[in-house]
Amino acid sequence: MEYNFREIEKKWQQKWKDTNAYKVSNDSPKPSFYVLDMFPYPSGAGLHVGHPLGYIASDIFSRYKRLKGFNVLHPMGFDSFGLPAEQYALETGQHPAVTTEKNIETFKAQLDKIGFCYDWSREIRTSDPSYYKWTQSIFLKLFNSYFCNTCKQAKPITELIEKYQSRGGSNFTAEQWKAFSDKEQADILMKRRLAFSSFGEVNWCEALGTVLANDEVVNGVSERGGHPVIKKKMRQWYLRITAYADRLLQGLETVQFSDAMKEMQRNWIGKSEGCEMLFPLNPGPSPRGEKGDGEIEAKTDLKGAALVPKYSVSSPMSYELAKQNRKDYTDAEDKLWQELRSSKLDVKFRRQHPIDAYIVDFVSLQDALIIEADGGYHENEEQKLYDENRTRILNEIGFTVLRFSNSEILGNTSLVLNKIRETLNNVKTQTIKEKEQGSEFSHPSPPRGEGLGLRCYTTRPDTIFGVDFLVLAPEHTLVSSITTAEQKHAINEYLTYVKSRSDRERQSEVKQITGCFTGAYATNPFNGEPIPVWIAEYVLAGYGTGAIMAVPCGDQRDFAFAKHFNIPITNIIGDYFNGEEANSTKDAHLQNSGFLDGMLMKDAITVAINKIEELGIGKRKVNYRMRDAGFSRQRYWGEPFPIIWEDEMAVPLSENELPLELPHAEKYGPGPEGEGPLANMEEWTSSPSLLHRVEKGDEKMGAKVARRETSTMPGYAGSSWYFLRYMDPNNTQTFCDRKASDYWNQVDVYVGGTEHAVGHLLYSRMWTKVLFDLGYIGFDEPFKKLVNQGMIQGSSRFVYRPIVATHDNIGYEQTKKTIFISSGYIVGKTINESQEILHKILEPFNPTLNKIKDSEASFISANALHVDVSLVDGVELNIEEFRKWKNGEFADAIFICENGEVNYPLSFGEELGARFSKAKYICGSEVEKMSKSKYNTVNPDVLVDKYGADTFRMYEMFLGSVEQSKPWDTKGIEGVHRFLKKLWRLFYTDANPSTNAPGKQVWNTETATDAEQKILHKTIKKIEQDTENFSYNTAVSAFMVCVNELADAKCYKKEILENVLILLSPYAPHIAEELWYLLGNEGLVIDATYPALNEKYLVEATKEYPVSINGKMRSSINLPTETTEEDARQAVLSTEAITKWLEGKEVKKFIFVKGRMINVVV
RNA sequence: GCCCCGGUGGUGAAAUUGGUAGACACGCAGGACUUAAAAUCCUGUUUACAGCAAUGUAAGUAACGGUUCAACUCCGUUCCGGGGCACCA
């Protein structure tokens, strides 16, 4: 009888299915254990060998825990919403639901072949309405909750409303709250909701019709296709994950994630404690010297300070510029100015006035109204963006901005004036509250200079006296206004340079130090010293205030910058600074530091902050790098938001209206104005029934417009909570019954890749915390332990095809005949070398080459073509198979082999074709990500068919540790297969093919000897340890050792073997099940009890101690296990084999480590 | 530039708290069985030197230095590879 894995695996897979062997109950007296895989996105390419790595690991663990007496939940499902299906739909017109369904079927079939113990009755799919009904429901819970800053947890928004109604908010009284309109109330509440809507900028690519991730934008154009990408402001949904920053940080202390993983999350959250402080801009000549501007300060009167806009006096430069602009105006500006100053509007306007970073055309300071006249040059996109940004910033600091084109002003002045008048009226009736709240509304907002100086954030206020310069981000809004006339040109040039640089370039090329002096000076508030203000690309606008204080003696980057630009360096740390490099120590005693002199830096931090706060020039601040999570996608294939916009207010659907099903689409193109495809579906977004619904609802609203939210949720929506649904997958009343989640509790072991370190893992942690706060579940961390699986990389193979470049700009031209050159001629050669070689080789095949070389051709090289790895044995190409590949595309190719011989196709005649058939063609190789297009994917099916699932499972585990990334290689799978065959032969001999005699049973029921028991118990101990530690590669090796030893000992005893089968069953369940059955055991091996370790078999009487002399291993000695140090010393020193090494020298030291080794020092 | 991970035979890799470097496999070489092949089994396999051989000596875990009786393991510096990044001030 032979090991017929094909029959065996089919048989037991069927049996498990028929008996519902893996169905898990929520009602069991056993302790629960939850093992979870990160569920896959069902891509069209199907499963590849990288997927199962983690799945096998978790499967082994699940089966092991089951044998250990746990009720194990080990489910699987599909993350089936996502972009690829939508892109595929765009290309082929096939509905994502259809292709997704098909892909899932493929995945399931492939998974089943490997023999996983999933409880498929609990399968979930995020794109299934019965699933996303609950995703929507949880979204509504987020929408209807706020983060209470006092008790640091989520609470129902109704509690906030009650509070507002009874006690008011921080900016308004209860009476005022009640007086607010619905819209006003809604806006205020929106600022507290955990899922909220706001405006944010997205990378919009008109040509692709989609919003792109930062990653997908390279050098300002789209990665795919190189189309222009612009920043577009759009209404977006966000999750207020920042509210949970501290708890997400603290939670890391309670979970078993790898240190690297925790570090990544900490870095992402990026908590830093420091202070934000203001550096006044060097006043220079007093702005008040300019007549009229002195009135600015007198304007703090009237109906309340909140109405008075905050504006910047800016630098003296602004005033000079302003003056200049006043002389240099257009006809339209002049005309409007004449109208405005003639007091027809009864409001005092100023012309060309500096506001914040800008000089505006006309402004009424009293009414906070700015009027801008745009010339024809404002037509282009860039200018529009600039204007939008400018408007937004001005809005934020409290101004209303009106823009008119030149033609509007010149063409119909009275219309323009009417509009201004109307706006003025509106402005005047606006409430104080709106003004206050309005400034917080943009998200995320860029930094801006504000107030009377430059705001800098620092974690090291102790170094304040070492500040030698300030650096602004080039995008900083104050740059243009503070730059002096002399520096204007240089700054503009630098800005042009920065514009041409991608973010990544700005980050990585540090050797190249760039920057530009603005000509402006700020003042150190502590010693009054002027500080030059620079701009540099290494300061990014997106973080903090977009401005830093540079301390060259304490920060290496600042140091390099100072050195490069010859900025004098102040040393405040004495000997700690050597003048060669910065020293970021906190242990120095400060020098040259005014009131901080002599203080330890560590202590000075607090002292400095206190002083800064005392002086009112700054305040203590905790900064987080993490931002709120964008939750909108302008796409079709995702969860629709259960939100209806009624008169600009977001109104949630009620629970009983869920699921809001994704409407069927025929087309998947983007909607107008950057909206998602759903916006194209009028009947869905704005059906009359919605209006009806509004009318029936709150009468007070009296809404005239009702339109559904048209964006969809991102991929991480469904995956943020899926682990909960597995616990109670069919519940129609709630997303997961509290009883179920209390029973299963946290995921005990979560297995998946590191690529989700900061995305999925943080989001699901946040959702869990929210659901916990609201009392829906009883734990606030989803995953107790996380096991990271390494990425299986592909090992690509290449063939090299020569190309000839010509001068005619057509590009590279391939040689007339298809020729491939072995890698030895190409790889590792310089361009010149390989050009020589190629020329020599190609000449016989292309007589015109010489001519080309001399006249047209400028370059000969070789293109590397990916070749299917299945056509390559190691690195040697199977030339005959390759000729058949791609329907014989390369059937007539000529191969120049490694030894210089040529392999001709048959079309050259049999003689030539046969002559050099033994010559080898060697492929190039490279380790890359596994991908269909690189022809380097390996489909597990092929291996499972050839060697069986058990072999495949054990081989993937044998490859190396689970955590480690490694290129896939099937070399070695034979060894694992041999091991299983060898195991089989402990039970049955193989059939004898020559005599046709069938194999015989060799196992017996004799009693095992102690030596045999020792083999078993040694294995039990090792396998148990390794399995607990996810050290599966060494476990497989331990099985091999065990089987080798049993075979050597000719031990075929059931008493031993059946226990080995139980140990093996998590790893190779099919063969274990079959042999278990053949031994005549009742029931399934997966339901057996894990064998107990009996230490008595492992006790050794003696131990062979290695003996080192002066640390070098010289000999060994057999000693009783219980030897004392003194006995050992005597034994060692009386053994001649050892003493000969001592050469009669005196023993200085005798080291005895019990059970380990002995070291003699002479 | 910063952060994380890694670098061990021809190959994949092992190596409790620092305690016999290379377990277990692959590959290769030689042998047994066989008419032959497959399958299976046995032997050898870090390198250099010496020896017919058993064996011995020396070196050896990217490189150099340090701590230690003892370092793949801990520390420092450097090099290389992989992954991440939002230069976090």
Side-chain angles (χ1 to χ4, degrees), chain A residues 2 214-215 258-264 266-268 270-272 274 456-460 463 471 473 503-504 506-512 536-540 542-545 547-551 554-558 560 584 623-627 753-755 757-758 788 790-791 793 874 927 955 958-961 963-967 969-976 978-979 981-982 985 989-990 992-994 1025 1029 1031 1033-1041 1044 1047 1104-1116 1148-1153 1155-1162:
Chain A
E2 281 186 308
N214 287 333
D215 253 14
S258 70
D259 288 343
M261 174 66 61
K262 289 184 182 180
E263 197 59 24
M264 271 188 254
R266 281 194 203 103
N267 288 345
W268 187 264
K271 181 176 183 172
S272 71
C456 293
Y457 174 75
T458 180
T459 53
R460 295 295 302 273
T463 62
V471 190
D503 268 11
R504 188 46 60 82
R506 285 175 61 176
Q507 287 169 33
S508 47
E509 287 177 40
V510 163
K511 279 171 195 157
Q512 191 188 342
E537 60 178 334
Y538 75 85
V539 177
L540 295 187
Y543 181 77
T545 60
I548 63 163
M549 54 178 240
V551 183
D555 183 298
Q556 187 54 33
R557 210 175 38 214
D558 297 344
S584 60
N623 224 17
Y624 296 96
R625 84 205 300 203
M626 182 168 68
R627 303 196 195 120
T754 47
E755 66 268 26
V758 288
N788 288 124
M791 205 205 311
Q793 292 150 317
V927 173
Y955 179 61
F958 190 54
L959 219 48
S961 62
E963 295 90 357
Q964 204 170 318
S965 286
K966 55 229 153 191
D969 196 344
T970 30
K971 211 162 54 176
I973 194 167
E974 290 278 357
V976 176
R978 261 175 231 160
F979 153 74
K981 286 198 285 191
K982 191 165 182 179
R985 284 198 301 275
T989 61
D990 287 342
N992 185 338
S994 55
Q1025 261 173 16
N1029 293 327
S1031 177
N1033 50 337
T1034 52
V1036 173
S1037 128
F1039 279 122
M1040 290 173 170
V1041 171
N1044 287 344
E1104 184 164 317
Y1105 278 88
V1107 180
S1108 300
I1109 314 295
N1110 283 341
K1112 277 191 193 276
M1113 230 294 283
R1114 292 301 184 188
S1115 182
S1116 64
K1148 270 193 196 159
K1149 206 168 179 183
F1150 184 85
I1151 290 142
F1152 174 81
V1153 183
R1156 284 262 175 237
M1157 45 73 68
I1158 290 162
N1159 190 11
V1160 186
V1161 185
V1162 295

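FYI, side chains are in, hydrogens and waters are out, and symmetry mates aren't considered; it's all heavy atoms of this structure.
Put simply, the side chain of K271(A) never gets that close to the backbone of R625(A): no donor and acceptor are under 3.5 Å apart. Side chain of D555(A) to backbone of V551(A): no donor-acceptor contact under 3.5 angstrom is found.
Two residues, V1161(A) and D558(A), neighbour RNA chain B, and the one matched to the more 5' nucleotide by heavy-atom proximity is V1161(A). Comparing K1149(A) and N267(A) by the nucleotide of RNA chain B whose heavy atom lies nearest to each, the residue mapping closer to the 5' end is N267(A).
The shortest side-chain heavy-atom distance between N1033(A) and L959(A) does not fall under the 4.5 Å cut-off. Side-chain atoms of M264(A) and N267(A), non-hydrogen and from C-beta on, never get closer than 4.5 Å to each other. At a threshold of 4.5 Å between non-hydrogen side-chain atoms, the residues D558(A) and I548(A) count as touching. Residues V471(A) and Y538(A) are in side-chain contact: their nearest non-hydrogen atoms beyond the backbone lie under 4.5 Å apart. Counting heavy atoms from C-beta on, the side chains of F979(A) and V1036(A) never come closer than 4.5 Å.
Judged by Watson-Crick or G-U wobble contacts below 3.5 Å, the nucleotide U35(B) has no partner. With both pairing distances under 3.5 Å, G10(B) is matched to C26(B) as a Watson-Crick or G-U wobble pair. A58(B): Watson-Crick or G-U partner is U47(B), with both key distances under 3.5 Å.
Nucleotides C80(B) and A32(B) have their C1' atoms positioned 46 Å apart, rounded to a whole Å. U34(B) and U40(B): their C1' atoms are spaced 12 Å apart (whole Å). The gap from the P atom of G82(B) to that of G30(B) amounts to 38 Å, rounded to the nearest Å. With both ends at atom C1', the span from U47(B) to G10(B) equals 13 Å, rounded to whole Å. For the C1' atoms, the distance from U46(B) to A21(B) is 10 Å, rounded to whole Å. Taking atom C1' on both G7(B) and G44(B), the two are 29 Å apart, rounded to the nearest angstrom. When the C1' atom is used for both U17(B) and G27(B), the distance is 36 Å, rounded to whole Å. G12(B) sits 12 Å from U8(B) when the C1' atoms are compared, rounded to a whole Å.
Within the structure, a side-chain polar atom (N or O) of K981(A) is placed less than 4.0 Å from OP1 or OP2 of U40(B). In terms of phosphate contacts, Q964(A) brings no side-chain nitrogen or oxygen within less than 4.0 Å of OP1 or OP2 of G82(B).
As judged by a 4.0 angstrom heavy-atom cut-off over every strand, M626(A) is placed among the base-contacting residues. K1148(A) comes within contact range of no nucleotide atom at all, as no heavy-atom separation falls under 4.0 Å.
Heavy-atom minimum distance, F958(A) versus S1037(A): CE1-CB, 4.1 Å.
Atom CE in M264(A) sits roughly 10 Å away from atom P in C4(B) (whole-Å rounding). We find that CZ of F1152(A) is positioned 16 Å from C1' of A70(B), with the value rounded to whole Å. In this structure, R627(A) places its CZ atom 11 Å from C1' of C88(B), rounding to the nearest Å. Rounding to whole angstrom units, CE of residue M261(A) and C1' of G83(B) are separated by 12 Å. As a whole-Å value, the separation of F1039(A) CZ from A14(B) P is 17 Å.
In the set U40(B), A13(B), A89(B), the nucleotide with an atom closest to the side chain of R985(A) is U40(B).
For G18(B), the glycosidic angle deviates from 0 by more than 90°, giving an anti base.
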ask   = In B/S/- notation, 5' to 3', how is nucleotides 18-27 of chain B contacted by protein heavy atoms closer than 4.0 Å?
value = -BB--BBSSS

